[in-house]
Amino acid sequence: MQVDKFILTDLLDAAMSADYTRVRRIGSQLAKRFAEENDLDGAKAIQSLLRRRGVPLQVSGYAEALPRDAASRLPLVEEAPWPSTPLLLNRQAGEAINQFLEDAGNIALLAENGVSSRLGLLLFGPPGTGKSLLAGHVAARLQRPFYTARLDSLISSRLGETSKNIRGVFDFIPTRQAVLFLDEMDAIAKLRDDRHELGELKRVVNTVLQGLDSLTDDVIVVGATNHPHLLDSAIWRRFPYKIELQLPDEDVRASMWRSFLFRDAEGDNGPARLLARVADGLSGADIENLALAARRRALISGRELSLGHIVLSVADSKAGNPRLPDARELTSDDRRRLALLLDGAGGLSQAEIARVAGVSRQTIHRYRKEAADG
Ligand SMILES: Nc1ncnc2c1ncn2[C@@H]1O[C@H](COP(=O)(O)OP(=O)(O)OP(=O)(O)O)[C@@H](O)[C@H]1O
Ligand SMILES: [Mg+2]
């Protein structure tokens with residue numbers, strides 16, 4: 001088909017002005033012309049481009065409608081894509097989330113029988129345990145668009161602007177069958193500091209309560225906080241479902257290593273088990289960071305990192321502060337530390353320790369003896 005230069009210029013102009021509503025309109029016209037000229041494949045290709053799901057809000061044509069902060073002009077709420085990485089949870093949290101999803105999926109039945117509940121879910125727990133990820137998974141499992149607003153970014157230093165921002169988010173949402181994710185809920189409590197006028201905290205809390213109460217039943221609200229004790233009790237009560245995400249237990253840590261490092265859920269359990277044991281106290285985000293760093297080093301240096309390298313870096317990592325592995329040769333001090341560490345971890349045979357640390361069994365005996373002698 002001949003595309004005349006007016007359409008092309010118009011299309012470019014719309015794209016350069018980030019006017020995606022116009023881009024879409026021109027796209028539809030193009031598809032129509034393709035179809036009229038019997039190029040059905042061409043028409044279909046354009047239509048499916050226009051219809052593509054999961055595009056972020058800014059590029060999907062809704063951008064003009066987004067509520068924005070008056071001073072910064074930043075959007076107060078954003079549409080995020082559904083997560084593409086798996087969620088790995090301790091048994092208790094996994095069961096709780098399944099129950100929530102079951103209730104959300106059967107809301108009509110529950111309402112008919114008078115046993116429905118407001119679909120408010122509060123997630124709390126230490127950083128990096130998957131709260132934000134879980135919120136995205138809720139949206140994906142229920143096949144709903146996922147809108148996120150961070151309470152800390154709604155807080156403005158200009159008096160009255162914070163409440164206005166919060167209202168802007170809640171006014172925007174009821175128009176869509178959505179999951180609204182309110183992240184960093186505890187940010188509200190930080191208004192208690194002296195920069196703010198005394199009545200403002202109360203006003204802001206009230207605005208959040210009114211917003212939550214104003215939502216229709218088909219909007220699902222997921223809130224998240226690292227500091228549940230800072231939440232106002234009235235806000236706390238607005239979330240009938242509460243799930244605490246704790247640091248992963250040993251089984252979940254092993255699954256994380258399998259998934260993030262070995263990318264093989266069925267593979268050899270040994271190395272993942274070993275790493276899981278050493279990674280006690282680390283979060284899912286820490287383990288993912290370590291695993292990805294190890295894969296990066298392997299890729300760039302052109303050789304796989306040994307299990308010993310990774311074990312050492314895990315042992316040196318603290319929650320929220322992983323020490324990323326490197327590809328340098330292990331020194332004899334490293335090997336000694338590694339052998340003693342694995343020996344202390346328990347559950348490993350001498351032969352396994354010798355293999356991972358790269359020393360003989362006699363050497364392990366010697367390390368032990370030296371360690372015992374101080
Ligand atoms: N339970 C988990 N299962 C799978 N991946 C996880 C898990 N926890 C953390 N991760 C990984 O770490 C990343 C960061 O986690 P996420 O942002 O969801 O944590 P969070 O609890 O929201 O942390 P914060 O309190 O700092 O906001 C996730 O995107 C995911 O890749
Ligand atoms: Mg988070």
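From a predicted model like this one, the values you see are computed outputs, not experimental measurements. Atoms within each ligand, like the ligands themselves, are counted from 1 in listed order. One-based numbering along the sequence shown.
- Side chain of Arg238 to backbone of Ala234: a donor-acceptor contact under 3.5 angstrom is found.
- In terms of N/O distances under 3.5 Å, ligand 1 is approached by Ser132.
- Any N or O atom pair closer than 3.5 Å counts here, and Gly125 shares no such pair with ligand 1.
- Here the heavy atom of the protein found nearest to atom 19 (O) of ligand 1 is Gly130 N, 3.2 Å.
- Here Phe260 has side-chain heavy atoms under 4.0 Å from ligand 1, and that is the only part of it that gets that close.
- Although no hydrogens or angles enter the test, the distance criterion places no donor-acceptor pair under 3.5 Å between the side chain of Asn113 and the main chain of Val115.
- Ring geometry for Trp236 versus Phe124: interplanar angle of 30 to 60°, hence tilted.
- The number of heavy atoms from other shown groups lying within 6.0 Å of CD (Gln350) is above 12.
- For Asn226, every heavy-atom contact with ligand 1 shorter than 4.0 Å involves the side chain, none the backbone.
- The pair Arg33-Glu36 fails the salt-bridge criterion, with no side-chain N (NZ, NE, NH1 or NH2) lying under 4.0 Å from an Asp/Glu carboxylate O.
- The atoms of ligand 1 that sit less than 4.0 Å from any heavy atom of Leu133 are 4 (C), 5 (N), 6 (C), 18 (O), 30 (C).
- At the top of the distance list for atom 20 (P) of ligand 1, counting protein heavy atoms only, stands Lys131 N, 3.5 Å.
- Here the protein heavy atom with the shortest distance to atom 3 (N) of ligand 1 is Leu88 N, 2.9 Å.
- Judged purely by atom type and a 3.5 angstrom limit, His137 uses its side chain to pair as donor or acceptor with the backbone of Thr85.
- Short contacts between ligand 1 and Met256, defined as distances under 4.0 Å to a heavy atom of the residue, involve ligand atoms 1 (N), 2 (C), 3 (N), 7 (C).
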Residues Asp280, Arg253; criterion salt bridge (Lys or Arg N to Asp or Glu O under 4.0 Å); working and verdict
CA-CA 8 Å; Asp280 189 14; Arg253 293 198 300 273; 3.6 Å; yes
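- Contact annotation: for Glu288 versus ligand 1, heavy atoms closer than 4.0 Å belong to the side chain alone.
- Using a distance-only test at 3.5 Å, with no hydrogens or angles considered, a donor-acceptor pair links the side chain of Asn106 to the main chain of Glu102.
- Checking Asp213, Val219, Leu215, Val221 one by one against Arg118, the side-chain contact (heavy atoms from CB on, under 4.5 Å) holds for a single residue, Asp213.
- Ranking protein heavy atoms by distance to atom 12 (O) of ligand 1, first place goes to Ala285 CA, 3.2 Å.
- Pro86 counts as a contact of ligand 1, since one of its heavy atoms falls under 4.0 Å from the ligand.
- Ranked by closest heavy atom to atom 24 (P) of ligand 1, the top entry among Ser283, Gly128, Gly284 is Gly128.
- Taking atom 27 (O) of ligand 1 as the reference point, the nearest protein heavy-atom neighbour is Glu184 OE2, 3.9 Å.
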